[in-house]
Trainee: 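Got a structure here, written out as C-alpha cells. Questions coming.
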Protein chains: 2
Amino acid sequence: MPRVSQEQAKLNRQRVVEVAATLFRERGLHGVGVADIMAAAGLTHGGFYGQFANKDALAVEAFDAALAEDHRGSLDLLIANYLSLGHVQSPGKGCPLAALANDVAREPPGSSVRARFTHGVRQLAGLLAELMPKMSRERRRQRSLAALSTLVGAVVLARAVDDEALANDLIEAARASVAG
Amino acid sequence: MPRVSQEQAKLNRQRVVEVAATLFRERGLHGVGVADIMAAAGLTHGGFYGQFANKDALAVEAFDAALAEDHRGSLDLLIANYLSLGHVQSPGKGCPLAALANDVAREPPGSSVRARFTHGVRQLAGLLAELMPKMSRERRRQRSLAALSTLVGAVVLARAVDDEALANDLIEAARASVAG
DNA sequence: CTTCATGCATGACGCCCGGCATCTATATGA
DNA sequence: TCATATAGATGCCGGGCGTCATGCATGAAG
C-alpha cells in the first residue's frame, strides 16, 4: 500500500520485466496474464498500468531482457551451453528464440514482438558468425544461420519430446553436427 | 438439422479431424476452440461430443492425421519440400512438429499429445535415416536426428521472422547444410 | 411400400474461469 | 505539503467447454 522510494520503484519495474521474461518463456505469450506476472514479482496487478502501456509493451521489454542475458565465451562454450539438458529443462532461463518461436510466428505481421524476434535472430547469428573460423563473409553468414537453425531445432524438439533419452540423443546429435 | 447418412457422418467426422489438424497448426493448441473447428467444418459445435470424447482426444487424432500426410519421395525431394517458402507460409498444411513444438512442450508430461509428438519425431527421423546414404546404423541415426533439428529449426525461425529475405536466407542456409 | 426407432446434427443454454483495464484509497518519499 | 507508487477491489466482457432437449432424415424391419 505504501509508496516506495523511486529507487525501489525502478527496481520493482525491472523485476517485473525479469519475471515476465521468465514466465513468457515458460508458458508462452498467451499463457501468462498481467496478474500472474505481477503476483510473481510480489506485487498486485493494479499498479501495472502505471509502469507499462499494456501487455504488448511489456512483452517487448521482456524479450529484449531475455536476449540481453549473457552470451559470452568461445563458440564451443556457447554451443555446449545451448545444447545441454539444463537448457532444455529450464526454458524460463534459456534462449527466447527457442522458447517463443511458435508464439511469435502466430503474432500479426508488423507486431513489435516480431520485430524484436527478428532482431534477436540477427543478433545470435551475428554472434555465431564472429566466433566461427575464418572464411568468406557470405559463407560465414550461411554457416551461422544453419547452425542457429540446428541449435534452435534441437532444443525445441527435445523439449516437446516425452522421452529423456531421445531428448538427449537430439541434443548430442546436434552437437556433433554443429561442432564437426 | 436433419440426420445425415452414416456415410456422410463418417465423412463429417473425418472432415472435422482434417480441419482441426489445419487450425491447430495455424493457431496453436490453445488458439482454437471446439466451436471454431466445428464451424470451420461447416457444423455446429453441439454435435462434437457425439463424435469425440473431448478436445484432447481430437487433438491426438488431428496430430496423427497431420503426420500421415504424404512424405514420399527421395531425400532431396523431401528436403526441398520441407525447406521451402511454401512450407513456411502455410503452417496449416505443413509439418506438425515445426508448427506445434512449443505448444507441446508446455503440455503436461505424460499428456497424450506429447506421446504422439514423440512418435512423430521418431517417425520422421526414421524416414530420414532410411533415405540417407549408407553408413553405420548409429551414424545414420545421429545424422538423421541432427538433420531433423536443422529442418525444424529453420522453418520455425523463418516463420517467426518479420523479414522475408532473412526467412529465405535461413531456409537456403539450412538446405545447403543438410544437403551438403 | 409403409412404418418407426435410431442416431446425427442443431442451436441454445449453463456455468465459470480468467483476461485486461480502471479507479479510489493510502501511505510515504520528496 | 503533495506528488506518486502500490494496494486492492471492481467492472466488464469475451470465450472456453460440456450438456441437453429438439428435429428430422435415414435405414432397417415388417
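When reading the values below, keep in mind they use all heavy atoms of this one structure, side chains included, and skip hydrogens, waters and symmetry mates.
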Trainee: In whole Å, what is the span from the CG atom of A/L29 to the C1' atom of C/dG19?
Mentor: 15 Å

Trainee: Heavy-atom count check: over 12 atoms from other residues, nucleotides or ligands less than 6.0 Å from B/E164 CD?
Mentor: no

Trainee: Check each residue of residues 13-26 of chain B for a non-hydrogen atom within less than 4.0 Å of any atom in DNA chain D, then write out the ones that pass by number, or none.
Mentor: none

Trainee: Without decimals, in angstroms, what is the distance between B/R27 CZ and D/dG16 C1'?
Mentor: 14 Å

Trainee: What is the distance from CG of A/L58 to P of C/dC20, rounded to the nearest Å?
Mentor: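 Spelled out: CG on A/L58 to P on C/dC20 is 10 Å.
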
Trainee: In whole Å, I'd like the distance from the CG atom of B/N12 to the P atom of C/dC8.
Mentor: 11 Å

Trainee: Would you call B/V34 and B/F52 a side-chain contact if the rule is heavy atoms closer than 4.5 Å?
Mentor: no

Trainee: Once you round it to whole Å, what is the distance between C1' of D/dG16 and CG of B/D56?
Mentor: 13 Å

Trainee: Quick one: does A/S177's side chain have a donor or acceptor within less than 3.5 Å of a partner on A/A173's backbone?
Mentor: no

Trainee: Mind checking ring-ring contact (aromatic ring centres under 6.0 Å, His included) for B/F63 and listing every partner two or more places apart, or none if nothing turns up?
Mentor: B/F117

Trainee: Could you tell me which residues satisfy salt bridge (charged side-chain N to carboxylate O under 4.0 Å, His left out) with B/R159, sequence neighbours excluded, listed by chain and number?
Mentor: none

Trainee: Go through the structure and list residues passing side chain to side chain contact (heavy atoms under 4.5 Å, CB included) with A/D76, not counting sequence neighbours.
Mentor: A/S74

Trainee: Do other residues, nucleotides or ligands put more than 12 heavy atoms under 6.0 Å from the CZ atom of B/R27?
Mentor: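 Counting neighbours around CZ of B/R27, more than 12 heavy atoms of other residues, nucleotides or ligands fall under 6.0 Å, so yes.
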
Trainee: In whole Å, what is the span from the NZ atom of B/K55 to the P atom of D/dG15?
Mentor: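 Distance check: B/K55 NZ to D/dG15 P gives 14 Å.
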
Trainee: For A/S144 and A/L128, indicate whether the former's side chain and the latter's backbone hold a donor-acceptor pair under 3.5 Å.
Mentor: no

Trainee: What residues from residues 107-117 of chain A pass a heavy-atom cutoff of under 4.0 Å to DNA chain C?
Mentor: none

Trainee: Name all residues meeting the side chain to side chain contact (heavy atoms under 4.5 Å, CB included) criterion together with A/E69; count only those two or more places apart in sequence or in a different chain, and write none if there are none.
Mentor: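 With neighbours one apart ignored, the set is A/R25.
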
Trainee: For A/Q51, which residues count as a side chain to side chain contact (heavy atoms under 4.5 Å, CB included) partner, sequence neighbours excluded?
Mentor: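 Per chain and number, A/Q51 pairs via side chain to side chain contact (heavy atoms under 4.5 Å, CB included) with A/R13.
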
Trainee: Polar atom pairs between nucleotides 2-5 of chain C and protein, under 3.5 Å, N or O only, would you list them?
Mentor:
none

Trainee: Residues in ring-ring contact (aromatic ring centres under 6.0 Å, His included) with A/H87, at least two apart?
Mentor: A/Y82

Trainee: Apply salt bridge (charged side-chain N to carboxylate O under 4.0 Å, His left out) to A/E172 and list each qualifying residue two or more places apart in sequence or on a separate chain.
Mentor: A/R175

Trainee: What is the distance from CG of A/N54 to C1' of C/dT22, rounded to the nearest Å?
Mentor: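 About 14 Å, once rounded to whole Å.
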
Trainee: What residues from residues 30-51 of chain B pass a heavy-atom cutoff of under 4.0 Å to DNA chain D?
Mentor: B/G33, B/V34, B/D36, B/H45, B/G46, B/Y49

Trainee: Residues two or more places apart in sequence or in another chain: which of them pass side chain to side chain contact (heavy atoms under 4.5 Å, CB included) with A/A40?
Mentor: A/V19, A/L23

Trainee: Rounding to an integer number of Å, can you tell me how far B/E7 CD sits from C/dC8 P?
Mentor: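 Atom CD in B/E7 sits about 14 Å away from atom P in C/dC8.
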
